[in-house]
Amino acid sequence: MHHPAAQRITGMGATIFAEMSALAARTGAVNLGQGFPDTDGPPELIDAAVAALREGANQYAPGIGVPALRGAIARHQRRHYGIELDPDREVVVTTGCTEAIAGALLGLVDPGDEVVVLEPYYDSYPAMIEFAGGVRRPVTLRAPDFRLDPAELEAAVSARTRLILLNTPHNPTGRVLDAGELAAVARVAIEHDLIVVTDEVYEHLTFDDHRHVPISTLPGMAERTLTLSSAGKSWSVTGWKIGWATGPAELVAAVTAAKQWLTFTSGAPLQPAVAAALDAGDAFPTALAHDLQERRDQLVTGLRAAGLSTHVPEGTYFATTDVGELGWASGGDFCRALPERAGVVAIPSEVFYDAPDAPGSGRHLVRWAFCKRPEVVADAVRRLAAADLTR
Ligand code: GLN
């Protein structure tokens, strides 16, 4: 019997992260593909989750999240950014930021609505825009500096535009949008009366003097911005899948309405644990960002020594190289050959573009994760240095 898939998923293969992690497992390569740390989050956080499990926090949490976590999220936004939120109406807990993205797009986008999205894009954005029946209008952050061009942003907006989907610090480029770029987004959003949905999961993972500024703090933006984040990156628990959406009650209600039909409610014992971590302050994320900056430098130095021209990221888990100079027409070909050539796995950024062959686009770009222990990064760098990476 033949069971064809529904049209909405036909042609959607496994995500590049699943494909590349499977490739790493199959070949025993060092996995610098999928972005997840190889050390645990703080022991107090793990202990708090164990205690919650033992104390019986094992039945459905309220759909919008347990009060302790919603309160902690509101306090976090006030402490870091001076944002005031009503935890009962302006905060919803989601199953990772991925569900917040799904909820935002399903809850806010009608069929035919256009969504302006930064490109390269995290792969769940186009998938969920499609599920919602929306039309994506990418604005490319062009290599090598990956800056947002305000004129291109303006040109992507039409009478059908419903929202701008932002992501800063940006995966995969590692850019942290600066004041000028954020002001340009705000100007366009206000002028065209658009909603901004902003994925800020790497908010605490910035380097050197780069600082994350939530676009909702710009004048005129709080009332039109839905901010998404999660505990996974800041507290090194990517498998916990506890995220949140915050902002105007109406936008949060749209996410909540969609969320109730997706997961209904998110991991009950993990929520009080994350609440305690948020309230415990910033020691863990601050130390993590410091560590990651060292790993970044270690990887960037190693990639360059292996002959790969590398862009220095301002935040996130990821560095980007251009493999075109080594004779590769496609980063995908490079990444599929890499386990055998060098025993390393990386992610081809070409899958994050609508038109990877356009000027400044990503056909030749490859993303490397450095959220790994120093000895793992050192091992990868040694393997790359010993390999012939030319086409
Ligand atoms: N956000 C992580 C990355 O970009 C993991 C993504 C995933 O596995 N879906 O690598």
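One-based numbering, in listed order, for ligands and for the atoms of each. The analysis underlying the following values was restricted to heavy atoms, covering all of them including side chains, and did not include hydrogens, waters or symmetry mates.
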(request) Mark the output for N171 as yes if a heavy-atom distance to ligand 1 is under 4.0 Å, and as no if none is. (result) yes

(message) Is the terminal nitrogen or CZ of R367 (NZ for Lys, CZ for Arg) located under 6.0 angstrom from the six-membered ring centre of F318 and within 45° of that ring's axis?
(response) yes

(request) Classify the side-chain pair S266/T95 by whether it contains a donor and acceptor separated by less than 3.5 Å. (result) yes

(request) May I ask you to identify the nearest protein heavy atom to atom 2 (C) of ligand 1, giving residue, atom name and distance to one decimal place in Å? (result) G35 O, 3.8 Å

(message) Any nitrogen or oxygen of Q34, side chain or backbone, less than 3.5 Å from one on ligand 1?
(response) yes

(message) Please report whether ligand 1 has a polar contact with R367, defined as an N or O pair separated by less than 3.5 Å (distance criterion only).
(response) yes

(request) State whether the shortest distance between N or O atoms of G33 and N or O atoms of ligand 1 falls below 3.5 angstrom. (result) no

(request) Output every pair passing ring-ring contact (aromatic ring centres under 6.0 Å, His included) with a member in residues 31-66, not counting sequence neighbours, ordered by first then second residue. (result) Y60-F264

(request) Would you check if there is a donor-acceptor pair between the side chains of H80 and E203 at a distance under 3.5 Å? (result) no

(request) Enumerate the atoms of ligand 1 whose separation from the nearest heavy atom of F318 is less than 4.0 angstrom. (result) 3 (C), 4 (O), 10 (O)

(request) Identify the protein heavy atom lying closest to atom 9 (N) of ligand 1, giving its residue, its atom name and the separation to 0.1 Å. (result) Y122 OH, 3.1 Å

(request) Give a yes or no on whether a salt bridge exists between E130 and R8, defined as a side-chain N under 4.0 angstrom from a carboxylate O. (result) no

(request) List every atom of ligand 1 that sits less than 4.0 Å from any heavy atom of F17, numbering the atoms from 1 in the order shown and giving each element. (result) 3 (C), 4 (O), 6 (C), 7 (C), 8 (O), 9 (N), 10 (O)

(message) Between T263 and E99, do the side chains contain a donor N or O and an acceptor N or O under 3.5 Å apart?
(response) yes

